[in-house]
Amino acid sequence: MAIRRGGSRIIQIMKRIFLILLFVFPLSLLSASLSYGQVQVRLRVFEASNVGTRIDSSLKDMRDQFKPLVDFSSYRLLKEETPTLYLNQSVSSPAHPGRKIELTLIRQHKNVADVRVKIQREEIDVLNTQVRLSPGRTISIGGPKHGEGVIIITLSAQF
Amino acid sequence: MNHEETQLISRCQQGDQEALKEIFDRYQKKVYRIAYGVVRHREEALDIVQEVFVKLFRSIKNFKGRSHFYTYLYRMVMNTAIDHARKMGKQFISSLDEEGSFEPSEEAGKWPERILLQKELEEKVKSAMEKLPAEQRAALIFREVEGLSYQEMADAMECSIGTVMSRLHYARKRMQELLKDYVGPQGQSGGPSNPLKEEGVR
Amino acid sequence: MTDSCSSVSKLLEKYFDREVTDKERLLVESHLQSCLTCRDTLMSMEGLRTFIKAPVEEAVQQEDFPWVWQKIDREIRSQEKGSWWQSLRSWMGLSPLFKKKVWIPAVATIATLLFISTQVIFKKIPSYSERSVVEYIESETYNIMVYESEKTKTTMIWLFDEEDQESSRS
């Protein structure tokens with residue numbers, strides 16, 4: 001019908017594609033940045049000693065990992081937490097009586113998270129370290145005396 | 001196009017909504033008449049009027065003044081109304097062919113019953129018009145409802161006068177076929193002769 | 001139908017629409033005086049016009065257009081609020097760049113930038129063996145030993161009390 005006029009359909013479609021790409025590009029950058037900045041960690045505190053032979057079932061895998069360095073006969077879980085760390089925000093947790101462990105996410109990129117670990121005793125930093133967590137890797141900090149044994153703290157990330 | 005209207009259009013092109021209001025006041029009835037002529041439904045026709053003036057405000061920058069303003073406006077109304085009618089037509093269930101309701105009442109005898117409820121007749125006319133191609137429907141509305149001359153219709157529909165006449169002719173012919181039991185000599189109420197039926201016999 | 005009917009019938013519609021010349025009008029009117037068929041045809045056209053026009057005229061007469069202008073005004077204002085989108089669209093429509101179809105290489109540039117940026121964002125980080133697990137470590141209270149096992153993916157930081165060290169030496 002001569003009544004109706006219209007522009008080129010193909011040009012309209014190409015213009016729309018251009019617009020979509022124009023918005024998708026910064027959105028992809030934004031979404032990439034938003035997916036970083038947080039990580040969930042698994043923090044376990046247990047007592048290792050040579051008194052008795054009891055090993056908590058959840059720690060049997062840990063014993064094998066420790067064997068090259070330390071080999072205790074008993075491993076008892078004292079505490080387990082799975083806090084979520086956000087970039088540059090510290091999370092504190094009592095490690096065992098008199099001690100506090102503070103975790104801060106320093107950096108994160110894909111499946112690697114840099115975490116600063118501070119152990120404080122009576123408000124004094126007894127340990128200050130920065131470790132890199134990656135899938136399947138566990139960081140263990142052990143040695144401080146506790147009762148008949150020692151305290152071992154393990155830290156791993158869940159990506 | 002007179003000078004006053006030219007100024008109104010110019011102001012409207014610069015985004016002056018007051019100017020659009022004045023155009024609206026001048027043309028609202030004409031626009032409604034065409035819209036109602038196509039869709040035959042009050043609420044739809046009012047929606048079309050609203051849509052047309054919003055579209056007009058957006059697109060009036062494209063009006064270069066090479067034709068009369070009213071032909072530009074009428075073209076817009078007709079396109080919008082036909083689009084609405086198409087959407088409505090998809091929901092429209094009954095049709096002349098399906099109902100077969102033009103069989104004359106037995107009580108009336110040989111000739112069709114001419115006394116129909118106004119609403120039912122309206123539905124028949126509406127249904128018949130929906131069967132027309134868009135160009136023919138536009139020609140019929142412009143001529144029968146709005147009373148445009150052949151030249152004005154040619155400007156609005158952007159075609160020649162010969163094409164206008166052809167579309168009118170086929171539109172009228174088709175409408176008379178579809179409404180053959182109702183369209184007869186004016187003033188006669190079910191007279192013994194129906195010229196169209198006699199035409200069909202020939 | 002007589003011969004004059006066939007010639008006049010072609011003018012009937014024009015006559016009905018008052019688009020005939022004076023000469024044509026006289027011809028039709030003189031024919032109508034003696035031809036019932038053509039008169040009836042004219043009346044049928046009149047009847048059709050009535051059916052089409054009368055309800056419309058009635059509707060227009062009864063209509064007072066309630067709130068129509070207010071709705072139009074509101075619609076225009078709400079569209080103006082979305083003006084960043086509209087102005088972008090109008091920019092696309094009116095921009096001389098698009099008229100010259102430079103958007104084709106622009107699309108190619110955007111696609112290339114997208115490809116490069118995803119490579120940068122998702123590039124492989126250095127493998128574990130290239131970077132130490134323990135970035136730094138310090139303690140004023142303990143002596144420290146760091147043990148790393150690639151096999152078990154374990155890093156052990158062991159803290160020795162000074163008393164322990166003295167007793168072990170002794």
Side-chain angles (χ1 to χ4, degrees), chain B residues 15 17 20-21 24-25 28-30 32-34 36-37 40-42 45-47 49-54 56-58 118 121-122 124-126 128-129 140-141 143-147 149-151 161 165 168-169 172 175-176 179-180 182-188 193-196 198-199 202, chain C residues 1-2 5-6 9-20 35-80 82-83 86-87 89-90 93-94:
Chain B
Q17 272 183 250
L20 180 71
K21 175 70 167 59
F24 172 78
D25 290 335
Q28 62 175 333
K29 284 198 171 176
K30 290 181 191 292
Y32 182 74
R33 189 180 286 118
I34 294 172
Y36 192 92
R40 310 243 151 194
H41 188 279
R42 177 179 178 262
L46 288 174
D47 285 346
V49 170
Q50 180 186 334
E51 192 176 330
V52 163
F53 281 97
V54 172
L56 178 70
F57 191 66
R58 276 206 314 258
Q118 184 63 29
L121 180 59
E122 260 294 287
K124 302 304 178 195
V125 171
K126 179 181 169 186
M129 290 194 63
L140 206 59
I141 299 294
R143 179 62 229 167
E144 307 292 27
V145 174
E146 193 57 25
S149 67
Y150 287 174
Q151 183 61 58
I161 289 177
M165 291 171 66
L168 256 183
H169 170 74
R172 282 169 170 154
M175 287 294 284
Q176 286 176 345
L179 301 175
K180 60 182 183 294
Y182 299 89
V183 177
Q186 186 73 15
Q188 293 186 14
S193 67
N194 185 327
L196 287 178
E198 286 176 9
E199 288 278 345
R202 288 197 197 92
Chain C
M1 188 184 264
T2 62
C5 262
S6 63
S9 66
K10 290 171 191 171
L11 292 173
L12 267 183
E13 280 195 53
K14 273 182 81 176
Y15 174 77
F16 178 66
D17 292 332
R18 302 183 190 206
E19 295 274 351
V20 288
C35 182
L36 178 66
T37 306
C38 288
R39 280 208 301 276
D40 287 344
T41 303
L42 263 184
M43 292 181 86
S44 296
M45 285 195 275
E46 186 63 45
L48 180 64
R49 174 173 287 175
T50 303
F51 281 152
I52 293 171
K53 185 172 179 176
V56 178
E57 286 303 319
E58 193 183 336
V60 172
Q61 290 303 319
Q62 290 172 357
E63 190 55 60
D64 59 356
F65 303 98
W67 303 109
V68 174
W69 170 252
Q70 287 82 348
K71 288 180 187 173
I72 292 167
D73 192 44
R74 193 164 53 233
E75 179 76 25
I76 289 171
R77 287 183 200 283
S78 71
Q79 285 180 4
E80 279 172 0
S83 62
Q86 289 294 333
S87 52
R89 281 176 62 97
S90 68
L94 298 175

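Chain A is the first sequence line, chain B the second, and so forth, proteins listed ahead of strands; every chain is numbered from 1.
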Are C:Phe51 and B:Leu121 close enough, and set up right, to give a side-chain contact (heavy atoms from CB on, under 4.5 Å), and what steps lead you there?
CA-CA 8 Å; C:Phe51 281 152; B:Leu121 180 59; 3.3 Å; yes

What residue, out of B:Arg40, B:Lys29, B:Met165, has the most heavy-atom pairs lying under 4.5 Å from chain C?
B:Arg40

Do the side chains of B:Phe57 and C:Glu75 get nearer than 4.5 Å, heavy atoms only?
no

Any donor-acceptor pair under 3.5 Å linking the side chain of C:Glu19 with the backbone of B:Tyr150?
yes

Partners passing side-chain contact (heavy atoms from CB on, under 4.5 Å) against C:Asp73 (at least two apart in sequence or in another chain):
B:Gln17, C:Trp69, C:Arg77

Which one of C:Gln62, C:Glu57, C:Arg39 has the most heavy-atom pairs closer than 4.5 Å to chain B?
C:Glu57

Take C:Val68 and B:Gln28 through the test side-chain contact (heavy atoms from CB on, under 4.5 Å) and record every step on the way to the result.
CA-CA 9 Å; C:Val68 174; B:Gln28 62 175 333; 5.6 Å; no

For the atom pair CZ (B:Arg172) and CG (C:Leu12), what is the distance rounded to the nearest 0.5 Å?
10.5 Å

Walk me through whether B:Leu20 and C:Ile76 qualify under side-chain contact (heavy atoms from CB on, under 4.5 Å).
CA-CA 11 Å; B:Leu20 180 71; C:Ile76 289 171; 3.4 Å; yes

Engaged part of B:Arg42 at the chain C interface, taking heavy atoms whose separation is under 4.5 Å
side chain

One thing to verify: whether C:Arg49 and B:Glu144 come together as a salt bridge, which I'm taking to mean a side-chain N less than 4.0 angstrom from a carboxylate O.
yes

With a 6.0 Å cut-off (strictly less than), is the heavy-atom count around NZ of B:Lys30, excluding the residue itself, greater than 12?
no

Does any backbone or side-chain atom of B:Ile161 lie under 4.5 Å from a heavy atom of chain C? Answer side chain, backbone, both or neither.
neither

Can you find a heavy atom in the side chain of C:Met45 that is under 4.5 Å from one in the side chain of B:Gln176?
yes

Go through it in stages, so that I can follow the logic: the residues are C:Lys71 and B:Leu46, the test is side-chain contact (heavy atoms from CB on, under 4.5 Å), and I'd like the CA-CA distance, side-chain angles, deciding distance and then a yes or no.
CA-CA 10 Å; C:Lys71 288 180 187 173; B:Leu46 288 174; over 6 Å; no

Show the nearest heavy-atom pair for residues C:Ile72 and B:Val49, with the distance to one decimal.
CD1-O, 4.4 Å

Please classify the contact between B:Leu168 and chain C as side chain, backbone, both or neither, with a heavy-atom cut-off of under 4.5 Å.
both

